[in-house]
2 protein chains.
Amino acid sequence: MAQERSLPPVVQRMWGREPMPRRGPRPRLDLDTITTAAIEIADAEGMAAVSMSGVASRVGVAATALYRYVDSKEDLLTAMADAVAPEPPDPAGMHWRDYLALWTRAHRDLILQHAWVLSITVYAPPMGPRRLLWLDRAIAALAGTGLDDGEKINVASTLTGYALTDAALEHTAKLGFPELEGSGIEGASDYGEVLAEVLDPEAYPALAAAVRSGAFGGAEGWVEDADFRFGLDLLLDGVERLIARRQPR
Amino acid sequence: MAQERSLPPVVQRMWGREPMPRRGPRPRLDLDTITTAAIEIADAEGMAAVSMSGVASRVGVAATALYRYVDSKEDLLTAMADAVAPEPPDPAGMHWRDYLALWTRAHRDLILQHAWVLSITVYAPPMGPRRLLWLDRAIAALAGTGLDDGEKINVASTLTGYALTDAALEHTAKLGFPELEGSGIEGASDYGEVLAEVLDPEAYPALAAAVRSGAFGGAEGWVEDADFRFGLDLLLDGVERLIARRQPR
DNA sequence: AAAAACTATGAACGCCATACACAGTAGGCC
DNA sequence: GGCCTACTGTGTATGGCGTTCATAGTTTTT
């Protein structure tokens, strides 16, 4: 209590609490139109194309005008990361497991549709209204399972992390590896060939064997979504087992 | 086969294949000393302090000299991400579950000790010798479980992602949230208070209830590592169940 | 009508990654 | 031994970036 505790301006604006100035000209913008413009740029041209001046010119102001609404570019990025999230799916009447599977998949698809999210540190605990709504729905879905609130939050965090991980993997698997651009190596199966070329079977016995057996084969035997469902089921099995432990009937 | 397929220079250098020039002056550097210098800077002052000129002046050359060893800063970053990894723990004689728990924990601790890793896209499939060695050990630990190679790799990927997720969470929980710097909000429990202030219980019923019940309490009832072990056990339970399905005896 | 409060602007700063021409160096070859 | 050639590190330069600051302009209050 020794220190003034107030939310930073951006957080307030994220929650729609735009300060209404009593005097002076009306603001021409609000945080929403700014983040929307930034998101459009990121969607179209990638995160690298998002610059303060770029966003500013898209909304029709000078670059420096943005700093009336955002303290730094960092702020803008976190606002973007919240604003991309749509409404979460509705858990009404669904079994927790079905819902969480749907929820995690939707989360992953969301990230894949806006892959630039991966280049923001999404790991920071959510502060914005939309991501918190997702969290709320996940917790709600776990009502009646016997888990305590802390456990519910942990489950949601773990699933969020999994959605991120899988989205990132799928993204690089589809679009190729940035490091290998222009080297003729493009897909996941080529990745395997690279490994085969570089790996010393004595130093990397298990991995070399896996590569030789074609575990990175890619196209052949590829089932849409198989990898995602694999890990997801792993996690949900774990949750189910935890719930069973909490309700031993 | 239509295209020349050759590894990019950095990848070759990561694997110790430094080109030995036949003529001209001997190179004063190699990739290793460069990445070592960069890592020292990142460890001491954070990723933001890693600039080409900074790294260059630390190794005693002009900034542009680095481009003889690295095609771009991106390249340097991926080399760094590989070079921080120490030797993985030795799986000899351990049960797969014990080893993977140890492995994942070591992985997380590694990231926490070099938190700047989180600001690199670590999601790209590993190409460097050290991270691939970690992957090799995880696969090796799963020998004799009846999983096929693809499944083993998926397990390792999922655990890697979990280590990342948890490291990021723990990092921000300890050091506070960058967005809230200078606002008097510092730990995880303050985070809960912020949420309480901002959340509308009607729009966020489950989350608001969790917050009120003190699920973000932080210090009280905090057990070292509890959150990490929670998710890890979730995952390993899932793996165990999968293995049981593969070997139904 | 004047003052006060607030907005957007334009110019400027420092930093960064990177391109390019050049100077210096050292092995290969006659 | 001396030239050629390939290669390394340097210096300079460029364009872009995020951000600061003083200023001009606009609207409300008094």
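The chains referred to below are lettered A, B, ... by the order of the sequence lines, with proteins before strands, and numbering in each begins at 1. Owing to the predicted nature of the structure, the values given are computational and were not obtained by experimental measurement.
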Are [X] and [Y] packed together at the side-chain level, in the sense that at least one heavy-atom pair is separated by less than 4.5 angstrom?
{"X": "A:Asp30", "Y": "A:Arg13", "answer": "no"}
{"X": "A:Pro129", "Y": "A:Met14", "answer": "yes"}
{"X": "A:Ile139", "Y": "A:Asp136", "answer": "no"}
{"X": "A:Phe228", "Y": "A:Thr104", "answer": "yes"}
{"X": "A:Thr33", "Y": "A:Arg28", "answer": "no"}

Just how far is it from atom [atom1] of [X] to atom [atom2] of [Y], taken to the nearest 0.5 Å?
{"X": "B:Ile120", "Y": "B:Glu74", "atom1": "CD1", "atom2": "CD", "answer": "8.5 Å"}
{"X": "A:Leu76", "Y": "A:Met52", "atom1": "CG", "atom2": "CE", "answer": "5.0 Å"}
{"X": "A:Glu40", "Y": "A:Arg58", "atom1": "CD", "atom2": "CZ", "answer": "4.5 Å"}
{"X": "B:Leu31", "Y": "B:Leu66", "atom1": "CG", "atom2": "CG", "answer": "10.5 Å"}
{"X": "A:Trp15", "Y": "A:Met127", "atom1": "CH2", "atom2": "CE", "answer": "8.0 Å"}
{"X": "A:Asp75", "Y": "A:Ile34", "atom1": "CG", "atom2": "CD1", "answer": "11.0 Å"}

Of all of residues 27-41 of chain B, which get a heavy atom below 4.0 angstrom from DNA chain C, listed by number?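 Within this stretch, nothing sits under 4.0 Å of the strand.
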Touch class at under 4.0 angstrom, heavy-atom based, for B:Ala62 against every strand present: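 If one applies the 4.0 Å heavy-atom cut-off, B:Ala62 turns out to touch the sugar-phosphate alone, with no base involved.
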Which atom names give the shortest non-hydrogen contact between A:Val84 and A:Leu110, and what distance separates them?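 Taking A:Val84 first and A:Leu110 second, the nearest heavy atoms are O-CD1, 3.5 Å.
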Ignoring hydrogens, what is the shortest heavy-atom contact between B:Arg108 and B:Asp166? Give both atom names and the distance.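 Between these two residues, the closest heavy atoms are CD-OD2, 2.9 Å.
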Between the axis at one end of the helix from C:dA1-D:dT30 to C:dC30-D:dG1 and the axis at the other (five pairs apiece), what's the angle to 10 degrees?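 Between the first-five-pair axis and the last-five-pair axis there is 10°.
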Applying side-chain hydrogen bond (donor to acceptor under 3.5 Å, both in side chains) as the test, list every pair that has at least one member in residues 153-163 of chain A; sequence neighbours left out.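 Listed by first then second residue: A:Asn154-B:Asp227.
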Give every pair of a protein N or O atom and an N or O atom of nucleotides 27-30 of chain D that lie under 3.5 Å apart, one pair per line with the distance.
{"residue": "D:dT27", "atom": "O2", "partner": "A:Gly24", "partner atom": "N", "Å": "3.4"}
{"residue": "D:dT28", "atom": "O3'", "partner": "A:Arg22", "partner atom": "O", "Å": "3.2"}

Are any side-chain N or O atoms of B:Arg130 and backbone N or O atoms of B:Ala85, one a donor and one an acceptor, separated by less than 3.5 Å?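 Yes, the answer is positive, given that a donor and an acceptor are paired below the 3.5 Å cut-off.
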What are the bounds, 5' to 3', of the part of DNA chain C that sits under 4.0 Å from heavy atoms of chain A?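 Going 5' to 3' along DNA chain C, contacts run C:dA5 to C:dA11.
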Sort me out a list of protein N/O and nucleotides 14-23 of chain D N/O pairs below 3.5 Å, or just none if empty.
{"residue": "D:dG18", "atom": "OP1", "partner": "A:Lys73", "partner atom": "NZ", "Å": "2.7"}
{"residue": "D:dG18", "atom": "OP2", "partner": "A:Met52", "partner atom": "N", "Å": "3.0"}
{"residue": "D:dT19", "atom": "OP2", "partner": "A:Tyr67", "partner atom": "OH", "Å": "2.7"}
{"residue": "D:dT19", "atom": "OP2", "partner": "A:Lys73", "partner atom": "N", "Å": "3.0"}
{"residue": "D:dT19", "atom": "O5'", "partner": "A:Tyr67", "partner atom": "OH", "Å": "3.4"}

